Every structure is written in structure tokens, then in C-alpha cells.
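Here the structure comes first, spelled out in C-alpha cells, and everything after it is commentary.
The structure presented is a predicted model; accordingly, all values stated were derived computationally and were not measured.
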Amino acid sequence: MDGCAQMCKCFLILFNILFALLGFGLVALGMWLRFGAETRGFFDIDLNTAQFNIGVTVLVVTGVLMLVVAVIGDCGACNNSKTALGVFSGLLTFLIIIEITAGVMAFMWRDRVSEELVNFYTTIYVQYVNTGSPGQAVTLKLFHNAFDCCGIGGMIEPLVRDTCPDGSFLEKLMYSSCPSLIGEVFNAKAPLVLGGFLGTAGIMVLALVCSSVLYSSLKTSYYSSPNIY
């Protein structure tokens, strides 16, 4: 192999190690959300059980697929296997298409996505006020810390104050209402979300190009005639 193919081989090995770690993280997160003692109450949410189950399932399946792709890619790069590299390229192309499609859809349907997220939060809020479930409390804390907000009343929120972010008295007076803030933040950050999806897809395209270069190098080397001295 020439120097370019060697560089592509090193890049593929590093890429697939990082890809495997990310996939393992997604699987671990999905399993924790589904079976963790603190988060098991998520699945008791009456109006959103199906959506949450689907979300966790997608998380786990995506992580497993990433692990499979990473293992095949590393096997192909380390063992100079054209078959493994071909399978890796096909699966990676499939993931790139999904990545770009998901980013574009999230950007185009950002109003609907933010509305569904606000509805989901409101449902959690109402059910926590009625039941005081620990699982729903964890969900509210995730929302409150992620968006730096507090309930539906903001600074005058008395019902879920124990789930709101920690801070000084003045900071607590500055809390905004979560439903309005969630919609504003999601719409404002939609271009960044799209950029993140496209940036990730760009790195995957680079890995696909390196896989093609390495595959071509191995193919040329295999069919080349032996030197006669």
C-alpha cells in the first residue's frame, strides 16, 4: 500500500474505535433509561408510553448498528479484507443517508417537534403534580436543567420547585416558564442541530472515502502481476 492508503487505514481504525465507543454509549443510555431504577417510572407516563418506548428502542437499535459497523470496519482495515471493507462501505452509506435525512427533517419540522416536546413536558408536569412519581421527577429535572427553566410558572412556580435547578435567590427569580422557553430554544437552535447532523455526516463521508481508497489499493495489489527479476 502507498502512503495515502496507509493514512486511510489509520484513519479508519481511529474512526471505528470512536464510532464503537459512541455506539456503546447509546446502547448503555438506552438500557439505563429502560431498566434503571430511577428512570423506570418514565414508562408509567400514560399519554406518552408508546413514544418513549419507541425513542428508547431507536436509541438501542442505532447503538447496536453503530457497533456492528465499527467492528466490521476495524476488521476490514486491520486485516486488509476487501469483503469486510465492502460491507462496511455499504452500511456506512446507509447510515449517512439516515443522518442527513434526520437532520433535514428535524430542521424542516422544527415547529412540530418543539410542539410535541412542549406537550410531552406539560404531560409530565401535570402527572407529577398529581402523583409525585420519582421517575417523573427525574424527567422534570432533566428538562429544567437542560433549559434552565422552572415549571409552567417560572419564578412563581410553587408546585415543582424541588425539581428546578439549584441557584441563588436572585437566580430563582429569573427562571422562565418551561413551555415557552422550550419552544423558543428549539427553534433558535434548529440550525445548529442541522449543522451537527451534517457535520457528523461529513466525517462519515470522509471515512467512506478512506474505505474506498483502501479497498482500491488492496484490489490493485491483489491483481497486480509479480515482479520478475
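Taken together through direct or relayed side-chain contacts under 4.5 Å among Ile, Leu, Val, Met, Phe, Trp and Tyr, F11 and I17 form parts of separate hydrophobic clusters. No path of Ile, Leu, Val, Met, Phe, Trp and Tyr side chains, each step under 4.5 Å between heavy atoms, connects M66 with L14, placing them in separate hydrophobic clusters. The cluster map of Ile, Leu, Val, Met, Phe, Trp and Tyr, joined by side-chain heavy atoms under 4.5 Å apart, puts M204 and V104 in the same cluster. Both L214 and V87 belong to a single network of hydrophobic side chains, linked directly or stepwise wherever heavy atoms of I, L, V, M, F, W or Y lie under 4.5 Å apart. Hydrophobic clustering (side-chain heavy atoms under 4.5 Å, transitive across Ile, Leu, Val, Met, Phe, Trp, Tyr) keeps L21 apart from L12.
The six-membered or imidazole ring of H144 lies near that of Y121, with a centre-to-centre distance under 6.0 Å.
A distance-only check finds a donor-acceptor pair linking the side chain of T122 to the backbone of V118 [under 3.5 Å]. Between the side chain of S211 and the backbone N or O of A207, no donor-acceptor pair lies under 3.5 Å. Although no hydrogens or angles enter the test, the distance criterion places no donor-acceptor pair under 3.5 Å between the side chain of S81 and the main chain of G76.
Atom CD1 of I72 sits about 11.0 Å away from atom OG1 of T83, to the nearest 0.5 Å. For the atom pair CZ (F197) and OG1 (T101), the distance works out to 10.5 Å, reported to the nearest 0.5 Å. With values rounded to the nearest 0.5 angstrom, E184 atom CD is found 11.5 Å from F147 atom CZ. Taking SG of C210 as the reference point, atom NZ of K9 lies at 13.5 Å (rounded to 0.5 Å). Taken to the nearest 0.5 Å, the CG atom of L85 stands 11.5 Å off from the CG atom of L92.
Heavy-atom minimum distance, S177 versus S180: O-OG, 3.1 Å. The shortest heavy-atom contact between P179 and I152 is CG-CG2, 3.8 Å. Here the closest heavy-atom approach between residue A201 and residue I100 is recorded as CB-CG1, 3.7 Å. For the residue pair L67 and G23, the shortest heavy atom distance occurs at CG-C, 4.1 Å. Nearest heavy-atom pair, A5 versus V213, reported as atom, atom and distance to 0.1 Å: CA-CG1, 4.4 Å.
The SG atoms of C178 and C149 sit under 2.5 Å apart.
Few gaps surround CZ on F107; more than 12 heavy atoms of other groups in view lie less than 6.0 Å from it.
Residue F143 is tested with L181, T163, I182 for a side chain to side chain contact (heavy atoms under 4.5 Å, CB included); the sole match is I182.
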Checklist entry - Could you go step by step and tell me if E99 and L95 meet the side chain to side chain contact (heavy atoms under 4.5 Å, CB included) rule? => result CA-CA 6 Å; E99 187 84 12; L95 286 179; over 6 Å; no
Checklist entry - Which is it for C164 and C150 under the disulfide bond (SG atoms under 2.5 Å apart) test, yes or no, and what are the steps along the way? => result CA-CA 5 Å; C164 293; C150 183; 2.0 Å; yes
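V71 has its side chain within reach of C75: a pair of non-hydrogen atoms, C-beta onward, lies under 4.5 Å apart. The closest side-chain heavy-atom distance from I203 to F15 is below 4.5 Å.
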